[in-house]
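Here the structure is a predicted model, which means the values were calculated and not measured.
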Amino acid sequence: MEHLCGVVVHPAKPRSAQALAALRRAPRRRGWPEPLVAETTVEVPGADQVAELLTAGADRIVALGGDGTVREVAGALSRAGALADVVPLGVLPTGTANLWSRTVGLTDDSLEGAVELALDGPVRDCDLAWVTVTRADGSARTHDVAVVAGVGMDAEAFAATADDHKQRLGWLAYFAALGRRAVGRQVTVRLGLGSVSGTGSGAGDGSEAGTTREEQVRTVLVGNCRVLPLGLPLMPSASMEDGRLDVLVVAPRTVLGWLGVGAGILTRRRGGWTGLRTHRARHVTVDLAEPTAVHVDGDPVGDAVRLELGVRPGAVLVRTRAGARDGEDEVRRLLDAPEPDLEALADALHHGRRWSSDHARELLVRDVFVGLSGADLTRFKSLLSSGPDHRDLEHLVFDVVDDEGVRADILRHIASEAERVDVPDLHVLSDIDDTLRCALHDDRYPRGTVYPGVIELYRALDAGHAADPESPGDITFVTARPMDPAGLVEQHTRRGLRELGLPPHSVLSGTFTGLRNHDAMAGAKIENFRRFRALMPETEVVFVGDSGQGDVEVGRRMIAADRDAVRLVLIHDVVDTPEAARDELRAEGIVLVDSPVGGALEAYAVDLVSAAGLEAVVTAAERDLDRIEWESPEQEKATRAVVERDIAAARTAYGKAPDGSRAVGDA
């Protein structure tokens, strides 16, 4: 059988030319077509090249480069829709450290052997981590993490290591830069661990899930990096397949303490005199007392005051030596446990790709849903919905399950169990274009502008009225954009959203027929709403849309279909709707606003957003306004007047004077 190989190559790596030549020879020996080759650039480091190769029909993707190239390619493949289930990643490591390849055991082969493995090696599921980096100005960006993200001394060393030094000295250039920083300032951090499966500490440091005290460290590393060059064990328990992140805290108390750090790495000991502590968790936060250097897989990404990290289990198919575990057996083992690990169960079902038959998988999906009840079922559905790609709750029930009878069993069970639970949190359903960012009908902002304060509005709605909720709700973007068979359109949508620093969210796509006109778009979105209500009947919803693409009609139909469930319909007015028409819509339960601040104020008025949440939206809107590159002074003046009017009204509502001071008499 012929296969078309797509190669993403980092051309600047010294060994890339030799490796690419070997990779070109291998398909010829097999009688396959000539490989498609796409080179990375500084501006386009790999993800877009993957999309181009998949669109051209490549059914094998090979990353030829270092850890940064692997990260870009793996992340793009993991979000490639249905193709993520069938197109595996092969890797030819040509970078400086090649930590990813060392961790999965790909660095001991000859060049020809490595090529054979990259093209035809056994396939297994591998995890991919992510990190959201928040800067001092409040802006945030999310990055994939193939191996490890770090903050502190090691990130400073990466930033100080010049490319020509890496080419001349290899990984020794990094260690030289690290050594020059052995004496330096410590970093004040507060480390938060979520869903920890034990301490993971070789010395038994007694740590527990939760947030530790503030402490002084030199470096915090989070990821799945098992070994360093020369086989030095950095995180000996790290695995690309366990759905966990390993955390290494490096905190020598004195200069001599670095001897303990070195000895701890060599002997694999942690805790006590080593100056090393390890943890294992699914979710990690690192809060920093001041802006501190951060790196992702060795690539500097600037300074940050907060890191939030999570793991996407089984996110990408990878060709390695070891074969894959049996997905069905793993799901049934987790389901039969006395107290099922819901996160692990969602991960296993979400990412399981190898089944004895399609019908076997349908029945297994049914058995999982029917086997859970009450709050466990609600939590399980939320975990599926907050997945990083299209393989979410809706995909499982409406796409994977094709048998209508099996689907009916699932939906009946969901409806029955929904009557037994009380869910205090809201679910936010939102449009994207002209709601999240200026795209089509809104001429008040430059095209592409993310509306000032809108990201914080989603956070405030997600958190609800509680100032510090223990269990925030979910966000789903409901779009008429079509889900193509390969899922590439939705991949593009998701990639654009995830870079904005939004809370965890899912995407419900439409169909190509839904693009015909505004009424068709509304119909596509309302069909998504019906599916959502069938899957999550226990939750109340807020719908956020705009006045330019039929969202008013969507809100009207939502209210008609399930008035008790729809707490608020917020419509961002981008077409200057007359006041009389606004009043008529408000009487129907549809509220038009001019800015995200106005939307937050309306939500606050009906007790859906806390005062702290409203204040956060105001602060973010003021910051975001100052970052916009306006098309004209007139545009800026007119738009600022509207937003600042809403800011003043919001400040009055939560008790601050226009100058930002507390109002008289405020506690």
Closest heavy-atom pair, R531 versus F398, reported as atoms and distance to 0.1 Å, is NH1-CB, 3.4 Å
Can you see which heavy atom on V133 is nearest to which on A304, and at what distance? CG1-CB, 3.4 Å
Does some side-chain heavy atom of H283 sit less than 4.5 Å from a side-chain heavy atom of E308? yes
Quick check: closest heavy atoms across S547 and I571, and the distance to 0.1 Å? N-CG2, 3.5 Å
With a 4.5 Å cut-off on side-chain heavy atoms, are V574 and Y445 touching? no
Heavy atoms, side chains only, cut-off 4.5 Å: are H143 and V301 in contact? yes
Roughly how far apart are E615 CD and R651 CZ, rounded to 0.5 Å? 8.5 Å
Measure the shortest side-chain to side-chain distance between V609 and R459 over non-hydrogen atoms and say whether it is less than 4.5 angstrom. no
Considering all heavy atoms of both residues, which atom of V296 and which atom of V145 are nearest to each other, and what is their separation? CG1-CG2, 4.0 Å
Tell me, with the steps shown, if L608 and E540 meet side chain to side chain contact (heavy atoms under 4.5 Å, CB included). CA-CA 11 Å; L608 298 181; E540 295 180 329; over 6 Å; no
Distance, nearest 0.5 Å, that separates CD1 of I647 from CG of L614: 10.5 Å
Could you please spell out the steps behind the side chain to side chain contact (heavy atoms under 4.5 Å, CB included) verdict for D551 and V554? CA-CA 5 Å; D551 287 346; V554 172; 4.1 Å; yes
So do the side chains of I590 and F543 get within less than 4.5 Å of each other, counting heavy atoms only? no
So which of T285, V286, L288 actually passes side chain to side chain contact (heavy atoms under 4.5 Å, CB included) with R306? T285
With a 4.5 Å heavy-atom cut-off, do R556 and L585 have their side chains touching? yes
Can you sort out the partners of R533 under side chain to side chain donor-acceptor pair (under 3.5 Å), two or more places apart, ordered by chain and number? D562
Is the NZ or CZ atom of R557 both under 6.0 Å from the centre of the six-membered ring of F529 and within 45° of that ring's axis? no
Residue pairs involving residues 546-574 (criterion ring-ring contact (aromatic ring centres under 6.0 Å, His included); sequence neighbours excluded): Y451-H572
Calculate, to the nearest 0.5 Å, the distance between atoms CG and CD belonging to D462 and E456 respectively. 11.0 Å
Any heavy-atom pair between the side chains of L384 and F369 that's under 4.5 Å? yes
Minimum heavy-atom distance G453-P596, with the two atoms named: C-CB, 3.9 Å
Take V284 and L191 through the side chain to side chain contact (heavy atoms under 4.5 Å, CB included) test and state the conclusion after the steps. CA-CA 7 Å; V284 179; L191 185 67; 3.8 Å; yes
With sequence neighbours left out, the residues meeting side chain to side chain contact (heavy atoms under 4.5 Å, CB included) with S595 are V597, V643, D646
Starting at CG of D624, measure out to OG1 of T619 and round the result to the nearest 0.5 Å. 10.5 Å
Residue pair Y458, V428: steps toward the side chain to side chain contact (heavy atoms under 4.5 Å, CB included) verdict: CA-CA 8 Å; Y458 290 118; V428 181; 4.3 Å; yes
Could you go through D442 and R444, starting from their C-alpha distance and side-chain angles, then the distance that decides it, and tell me whether this counts as salt bridge (Lys or Arg N to Asp or Glu O under 4.0 Å)? CA-CA 6 Å; D442 193 353; R444 299 172 302 168; 2.9 Å; yes
Taking NZ, NE, NH1 and NH2 as the nitrogens, is one of them in R420 or E417 under 4.0 Å from a carboxylate oxygen of the other? yes
Under 4.0 Å between a side-chain nitrogen and a carboxylate oxygen: does that hold for E343 and R379? yes
Write down the atom of D573, the atom of D594, and the distance for their closest heavy-atom approach. CB-OD1, 4.2 Å
To the closest 0.5 Å, what do you measure between CG (L461) and CG (L570)? 7.0 Å
Should the pair D576-R582 be classified as a salt bridge under the 4.0 Å nitrogen-to-oxygen rule? no
For residues M558 and V541, determine if any side-chain heavy atom of one lies less than 4.5 Å from a side-chain heavy atom of the other. no
Gap between atom NZ of K381 and atom OG1 of T539 - 0.5 Å precision: 7.5 Å
